[in-house]
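Take a look at the structure set out below.
Chain identifiers are assigned alphabetically (A, B, ...) following the order of the sequence lines, protein sequences preceding nucleic acid strands; residue numbering begins at 1 within each chain.
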Amino acid sequence: MPVRVVDSSAPSQVSGGNSGSTCPQPCTLLSVGQAFSGTQNVSNVQKDEAWRVNVRIQGCDLDHGYLCGTMEALNVPMADTPVITFWEGEIVDTKNHTFFTGKWEATLEDDIRHWSKFPSFSPLQSQVEADGGKSLDLSNYPYIFMRWKELYFVNVGTDCGLTIAGFYYVCFSCSDGSINGFYYDPNSSPFQKLELKSTNEGRSGFSFSSYQLQ
Amino acid sequence: MAKSLVKTERKQGFHFLFPLEIPLASATMPTSASVSAATSASRPSTDLVARLGSSDREVQLKALRDVKNQIIGNRTKKLTYIKLGAVPAVASVLSDAIDGSVCGSSDLLVQSAATLGSFACGVDAGVRAVLDAGALPYLVRLLSSSDEKVIDSGARSLKMVYQSKLAPKYDVLQKSNMEFLCSLLNSENENANGLGASIITNSCKTSAEQKALCDNGVLTKLIDFLDGSMIQREASLESLASIMNENGEVTSLFVEYERGQALGLLVKLTNERSARTRLLACECLIIISNVSSRYLKWKGIETKLISYLLELLEEPGHIGDEASFALSNYIEDKEDLQKLACDANAIDVLCTHLQNQLLQPKRFEGILLALANICSRLEICRAKLLHMQEFNSINDALHHDCADVRAAACICLRSVSRSVQNLSAGFFMNEKIVMPVLQLLHDPSLTVQLAALRAIGNIVVDFRTHKSRFMKWGGVKQLIQLSMSMNSAIRLNSLWALKNLTFEADNQCKERVFRELTASSLASLICDPEPCVQEQALALVRNLIDGSLDSIEYVFVEGSIILNAIGRHLERASTAECKVQGMYVLSNIASGSEIHKDSLMELLFQDRENGDPLYILNFLQSNDSHLRTASVWVIVNLTNPSCLGASGRTVKLRNAGVISQLKNMVNDPCLDVKLRVRTVLGQCMTFGE
């Protein structure tokens with residue numbers, strides 16, 4: 001039975017009468033325990049290079065626009081073991097966080113330059129440029145924008161030869177759980193691209209675990 | 001109680017400081033002749049009790065004074081005299097004096113009433129003894145006396161009784177009782193006013209009672225007292241807290257009274273010289289804030305209130321103790337106030353008190369609870385406390401002699417261990433923290449046990465590879481033992497901890513939990529009489545079968561005892577939360593091999609010969625978006641096109657009406673559901689659906 005699909009995924013502007021939440025809705029593919037794998041392209045003018053990367057979500061608190069987890073870089077040159085970092089994420093929800101970073105040495109221009117590399121950002125761009133996207137209703141938009149900031153190395157010392165001074169502009173697709181990101185650090189190669197896909201860890205389907213803090 | 005005959009004569013210069021227990025001046029000044037006798041009689045004796053029953057009025061009077069002077073402020077002596085039967089003897093003196101069998105008995109009335117009040121002051125056994133002796137009606141009758149001293153004495157003693165939870169409930173909804181209460185409040189005798197306020201504090205619990213008191217002008221009277229003497233002010237503050245507690249209507253009447261005049265008076269009282277008045281005013285403001293925080297914002301005293309309470313912490317005794325509890329109450333579950341408290345250096349101030357080696361248990365408990373509340377929501381607060389040296393004091397408090405302190409330390413630990421960042425760093429999974437909490441799982445106090453279990457429940461989330469340490473320390477064994485407890489709260493929280501422990505755990509950990517818990521016990525817990533226990537048992541299974549593919553086999557052991565229990569459960573599940581967890585278990589099974597998927601199909605379609613709709617169809621139509629999401633995930637996994645049997649399963653699901661139900665959900669208001677439904681329909685298209 002064919003069914004007409006009404007696509008209401010384009011973000012709308014918040015009207016005065018909108019009393020519901022404009023924050024992104026929960027997405028099971030972005031919940032605690034979910035794992036992603038892919039690569040981070042760290043090429044520079046001298047050399048093409050990419051690291052394999054695994055990410056796992058450890059905490060998610062949509063009310064506070066908060067996400068956290070670990071990132072594991074696997075074939076890092078000069079590192080004997082995979083390098084794991086703990087990161088915290090700011091979910092752009094127009095309530096706790098807007099598209100404007102306002103810290104970590106990122107200017108408004110840096111923000112727009114990075115966000116606009118995501119095709120899913122283009123419907124939002126004009127509004128973001130106008131007011132940082134504060135008036136956008138992202139509750140039905142199938143993409144979630146975030147900033148991920150690594151806080152510490154989990155399994156190696158700070159002398160491991162890697163830096164976590166920068167942060168990632170991240171776009172998550174609620175449809176298939178894919179993640180795209182760009183690392184921003186004024187002192188590192190620009191636009192290091194992160195590409196991750198939701199992993200099933202050997203299963204033929206999606207599995208979900210959970211924990212609850214009391 | 002009897003109807004009011006309270007005299008409204010002008011008071012005659014009698015002033016008593018409530019609730020301090022002080023002797024009447026005339027009674028406490030022994031004459032020189034009586035000094036030696038008083039000294040010799042300073043130990044409780046049966047002889048002294050016997051003299052209370054003397055027929056000689058003077059002997060009786062002296063005996064009353066001796067008893068009263070001995071028991072004032074001395075709990076041990078009060079208990080000894082209660083055991084010696086002094087209270088019925090004193091009550092008898094009072095009743096005889098009231099009945100007029102003793103001439104010139106005014107002194108006897110005053111002394112016997114004051115003695116009974118002393119017995120009741122701060123000692124529950126004393127209150128019980130006074131009530132058991134039937135003294136209450138006689139004390140009430142004193143309020144009708146023409147002698148102001150007698151009224152004072154009766155009112156003060158009754159107030160002592162009504163300050164106890166053991167006092168009989170006074171039904172203010174009864175017309176005569178309300179009249180009596182109003183007459184006490186309208187009396188010009190301050191002690192009668194104080195008694196009236198104490199009765200309200202003791203007995204006003206329901207919104208009907210609060211409204212009735214308001215309707216009879218009590219609120220207005222209490223507001224008048226805010227500008228009165230110290231006795232009136234303090235009595236009024238306590239009663240106002242009772243009358244406004246969780247009552248928006250009464251609170252709003254108070255706040256709006258004469259364009260905020262009453263609220264202004266209340267705020268002013270937070271700067272009074274008397275620490276007790278300041279504390280009571282703060283507590284009253286907290287009651288108002290709990291009804292609506294805008295009232296305090298309106299007055300701009302949200303932050304000031306925190307500072308006032310922190311200052312009151314410096315007070316010795318009861319006031320300082322209460323201040324920490326009041327601070328806890330103020331900021332509980334209010335993230336904005338927790339942030340304000342943190343900004344006001346509350347964590348530093350509270351930690352400074354923790355450095356005091358001679359901290360009394362009540363104060364220790366209150367400080368730990370206040371810290372727990374400040375750290376309950378915000379990472380910034382937790383980070384501050386965790387970096388302070390005094391964090392070790394919290395750990396030490398786990399060993400404290402007093403159960404309330406041990407419980408408060410666990411609550412504080414639970415609060416700070418909500419930090420995902422620190423859990424991820426493995427901060428809490430160390431022997432110094434975990435071992436004492438594990439010991440408290442067998443504490444004689446149930447409150448402590450539960451608080452320890454809840455703290456453990458957070459700590460075991462630990463994302464690092466430290467879960468093996470917890471097993472080594474015997475934690476798994478203990479949690480499994482407790483999951484068999486007769487107490488449902490213990491079962492609930494131990495399963496909760498096991499669920500958190502098995503989140504992202506390695507195979508060794510999960511194998512250990514499953515082997516020690518056993519499939520049959522887990523199946524029983526899924527069928528537990530308590531839905532909250534069922535939910536945790538299902539969530540535990542969900543985590544056990546996540547991760548490696550082999551772990552799905554847990555639900556198939558012992559003739560699929562767990563899977564069958566889940567199937568039966570979903571047929572008749574009591575709560576949406578249970579159904580959600582159950583459907584995620586099925587989803588995890590459906591993410592497995594062909595055999596797992598086919599076994600699940602069998603479960604879903606079992607006993608459907610009679611044409612009953614599948615329960616998953618009902619779940620897909622649920623109002624609960626979490627349940628719809630979990631249910632759609634089951635279908636997503638069953639129809640995964642990369643699996644050989646997907647086509648056949650899709651046909652079966654279509655024939656059962658599942659696919660057409662999903663087609664009705666392509667514009668589901670929940671984005672997650674909508675996207676998963678589209679995934680399923682996309683998958684079905686690969687089979688030509």
Short question: side chain of [X], backbone of [Y] - any donor-acceptor pair under 3.5 Å?
X        : Y        : result
A/Arg203 : B/Gly547 : yes
B/Arg676 : A/Ser175 : yes
B/Arg454 : A/Leu213 : no
B/Ser591 : A/Ser204 : no

Test side-chain contact (heavy atoms from CB on, under 4.5 Å) applied to B/Glu504 and A/Gln58, step by step: CA-CA 9 Å; B/Glu504 298 289 315; A/Gln58 291 186 332; over 6 Å; no
Chain A contact via B/Ile545 - which portion, at a heavy-atom distance below 4.5 Å: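 Answer is backbone: N, CA, C or O of B/Ile545 sit under 4.5 Å from chain A.
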Between CG on residue B/Asp546 and CZ on residue A/Phe206, distance to nearest 0.5 Å: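 Those atoms lie 13.0 Å apart.
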A/Gln214 and B/Asn493 side chains, donor-acceptor separation under 3.5 Å: yes
Polar contact flag, side-chain donor to acceptor under 3.5 angstrom, A/His64-B/Glu335: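 The criterion, which ignores hydrogens and geometry beyond distance, is satisfied for B/Glu335 and A/His64.
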Aromatic plane relationship, A/Phe208 with B/Tyr584 - under 30° parallel, 30 to 60° tilted, over 60° perpendicular: perpendicular
Chain A interface, residue from B/Val673, B/Asn637, B/Leu675 that has the most non-hydrogen pairs under 4.5 Å: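 Option with the greatest count: B/Asn637.
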Top contributor to chain B interface from A/Pro26, A/Gly59, A/Gly33 [non-hydrogen pairs under 4.5 Å]: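 Highest number of heavy-atom pairs under 4.5 Å: A/Gly33.
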When A/Asp176, A/Val154, A/Asp61 are compared by non-hydrogen pairs under 4.5 Å with chain B, the top option: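 Top count of heavy-atom pairs under 4.5 Å with chain B: A/Val154.
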